[in-house]
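Below, each value reflects all heavy atoms present in this structure, side chains not excepted, and no hydrogens, waters or symmetry copies. Just so we're on the same page: letters track the sequence lines, and every chain starts at 1.
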There are 2 protein chains.
Amino acid sequence: MGASKIINYSEAELQIAKFAKALSHPARVAILQLLIQKQSCICGDIVDELPIAQSTVSQHLKELKQAGLIKGNIDGASICYCVDTEVLQTANQILNNVLAVSILTPTSCC
Amino acid sequence: MGASKIINYSEAELQIAKFAKALSHPARVAILQLLIQKQSCICGDIVDELPIAQSTVSQHLKELKQAGLIKGNIDGASICYCVDTEVLQTANQILNNVLAVSILTPTSCC
DNA sequence: CCTATTAATCGTAATATTGCGATTAATATG
DNA sequence: CATATTAATCGCAATATTACGATTAATAGG
């Protein structure tokens with residue numbers, strides 16, 4: 001079955017998987033980077049910057065939004081997207097927590 | 001098409017996407033955590049710890065291995081898996097680099 | 001040599017993702 | 001009001017992922 005089994009995963013595990021999934025496609029990483037690099041929010045400029053169709057970009061933005069990584073504000077006819085800094089920091093922290101143990105104990109055995 | 005378009009993504013973008021994809025499933029996050037928590041490498045114990053079939057666990061391990069996050073050493077009949085600490089640190093650093101700009105500029109606009 | 005044990009791989013089915021064109025809804029502008 | 005512009009959504013096709021049982025290959029132990 002394609003669906004992931006409904007198993008008792010911890011909140012942290014689910015959170016990490018959710019954030020990771022959002023970043024699991026280079027196009028979404030590129031979009032996120034664009035949103036970060038531009039100081040002010042860019043809107044549909046992403047379509048011009050990347051060689052991807054408008055509908056596809058919109059879909060990727062939707063996924064980034066659902067993962068909570070970005071926010072969108074209506075601004076006239078266009079929509080202004082930008083990064084949710086707090087969420088990004090939180091995501092980074094959760095990941096750091098998971099990796100922390102491994103960083104503390106350099107080489108385990110292999 | 002399900003395949004991602006072959007587009008000029010940067011090395012960093014592709015790396016992040018690759019690592020993120022490896023962590024984009026809670027089962028793989030759980031497996032990675034198990035490998036980190038146990039000081040010594042555990043082998044097939046993962047199957048006992050998680051409510052997932054052996055073949056499925058093997059598949060997840062393969063993906064973590066292909067992403068370069070874990071290593072596997074043959075140890076008799078069983079195989080000893082463990083985390084590649086250096087790679088994890090590198091992955092974390094690359095991610096931090098991407099998020100750094102966003103953390104420096106707190107709220108952009110929305 | 002025979003038999004467990006361990007873990008990879010194969011085959012298959014169900015579902016998810018990706019990508020795009022076309023359409024739609026909403027706001028701006030003349 | 002008519003018309004552009006912007007971005008979401010729908011529908012579809014191609015492909016990827018997930019999960020599992022069954023099988024296979026390899027080693028350990030008697």
Quick one: which of B:K21, B:K18, B:R28 gives a salt bridge (charged side-chain N to carboxylate O under 4.0 Å, His left out) with B:E63? B:R28
Got B:F19 and B:V87 here, is their nearest side-chain heavy-atom distance under 4.5 Å? yes
Just call it for A:K21: base, sugar-phosphate, or nothing, with non-hydrogen atoms closer than 4.0 Å on any strand. sugar-phosphate
Distance below 4.0 Å between A:S58 side-chain N/O and D:dA8 OP1 or OP2: yes
Sorted by position of nearest nucleotide on DNA chain C, 5' first, the leading residue of A:A27 and B:S78 is B:S78
How close or far is atom P of C:dA7 from atom CD1 of B:I74, stated in whole angstroms? 11 Å
Indicate the ring-plane relationship of A:H60 and A:H25, choosing parallel, tilted or perpendicular according to the 30° and 60° boundaries. tilted
If each of A:D75 and B:K65 is mapped to the nucleotide of DNA chain C with the nearest heavy atom, which maps nearer the 5' terminus, i.e. the 5' end? B:K65
Side chains of A:N73 and A:I79: closer than 4.5 Å at any heavy-atom pair? no
Spacing of A:Y81 atom OH relative to D:dT6 atom P, expressed in whole Å: 14 Å
I need the NE2-P distance between B:H25 and D:dT18, as an integer number of Å. 5 Å
When all nucleic acid strands are considered with a 4.0 Å heavy-atom cut-off, which category describes B:T56: base, sugar-phosphate, or nothing? base
For atom CD1 of B:I46 and atom P of D:dA19, their distance in whole Å: 15 Å
Can you find a heavy atom in the side chain of B:D84 that is under 4.5 Å from one in the side chain of B:I70? no
Let's test your reading of the model: under 3.5 Å, does the base of D:dG21 pair with the side chain of B:S55 as donor and acceptor? yes
Side-chain donor/acceptor contact of B:Q59 with base of C:dA8 under 3.5 Å: no
Nearest-nucleotide 5' precedence on DNA chain D, A:K62 against A:A77: A:A77
Rounded to whole Å, how long is the line connecting atom CG of B:L50 with atom P of D:dA19? 11 Å
Nearest-Å distance, CG (A:L61) to C1' (D:dA8)? 11 Å
Length of the CZ-C1' vector between A:R28 and C:dT17, whole Å: 8 Å
OP1 or OP2 of D:dA19 less than 4.0 angstrom from a side-chain nitrogen or oxygen of B:H60, does that happen here? yes
Spacing of A:E63 atom CD relative to C:dT17 atom C1', expressed in whole Å: 8 Å
